[in-house]
Amino acid sequence: MGWRPIKEKLILHRWTCSPCVKSTEVSPNWYENNGTPTCICGEDMEYIETLLDCKFDPMRETLVISIKEERQKNAS
């Protein structure tokens with residue numbers, strides 16, 4: 001186990017608005033130009049969770065992040 005870098009395109013952050021019960025998902029680079037999300041009702045949204053685009057291997061009880069596409073790009 002340990003910390004590993006993850007490509008930002010594989011991550012989304014989920015935010016919700018308590019009064020409206022609306023939610024949104026934004027990528028990490030979205031914050032640079034927009035700050036933290038605000039709802040269309042004007043309320044600041046609350047951070048809920050981070051989502052990772054990956055698969056779960058139940059046999060190993062681990063997350064599996066595909067690197068096949070990255071290897072193909074680097075081989076070209």
Side-chain angles (χ1 to χ4, degrees):
M1 297 256 290
W3 295 98
R4 302 282 186 261
I6 297 175
K7 303 251 184 238
E8 285 188 356
K9 68 180 183 178
L10 299 176
I11 297 174
L12 290 176
H13 295 145
R14 182 173 289 156
W15 294 77
T16 191
C17 176
S18 296
C20 294
V21 195
K22 294 189 185 290
S23 65
T24 189
E25 295 168 358
V26 297
S27 64
N29 62 4
W30 188 87
Y31 302 107
E32 185 176 346
N33 296 322
N34 303 290
T36 54
T38 14
C39 184
I40 56 172
C41 74
E43 291 290 321
D44 287 337
M45 297 185 98
E46 299 172 22
Y47 170 78
I48 299 298
E49 61 191 347
T50 298
L51 307 170
L52 177 61
D53 185 10
C54 64
K55 295 179 182 173
F56 181 73
D57 181 347
M59 297 296 286
R60 295 183 185 160
E61 296 184 345
T62 59
L63 299 175
V64 179
I65 302 169
S66 175
I67 60 170
K68 187 175 185 179
E69 289 179 20
E70 287 296 319
R71 285 185 180 162
Q72 289 173 348
K73 287 178 190 175
N74 293 336
S76 300

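In this text, all values refer to a predicted model and were calculated from it rather than measured experimentally.
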Which hydrophobic side chains are connected to Met45, either touching it within the sub-4.5 Å cutoff or through other members that do?
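Noted: Met45 shares its cluster with Trp15, Val26, Trp30, Tyr31, Tyr47.
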ILVMFWY clustering at 4.5 Å (side-chain atoms), partners of Leu51:
Leu12
[atom1] of [X] to [atom2] of [Y]: how many Å apart, nearest 0.5 Å?
{"X": "Lys9", "Y": "Asn29", "atom1": "NZ", "atom2": "CG", "value": "12.5 Å"}
{"X": "Ile48", "Y": "His13", "atom1": "CD1", "atom2": "NE2", "value": "12.5 Å"}
{"X": "Ile40", "Y": "Cys17", "atom1": "CD1", "atom2": "SG", "value": "8.5 Å"}

Does any non-hydrogen side-chain atom of Ser27 lie less than 4.5 Å from one of Glu8?
no
Side chain to side chain contact (heavy atoms under 4.5 Å, CB included), that's the test. Do Thr16 and Val21 meet it? Break it down for me.
CA-CA 7 Å; Thr16 191; Val21 195; 5.5 Å; no
Who are the salt bridge (Lys or Arg N to Asp or Glu O under 4.0 Å) partners of Glu43, not counting sequence neighbours?
none
In terms of heavy-atom contacts, does CD of Glu32 have more than 12 from other residues, nucleotides or ligands at under 6.0 Å?
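Count not over threshold, so no.
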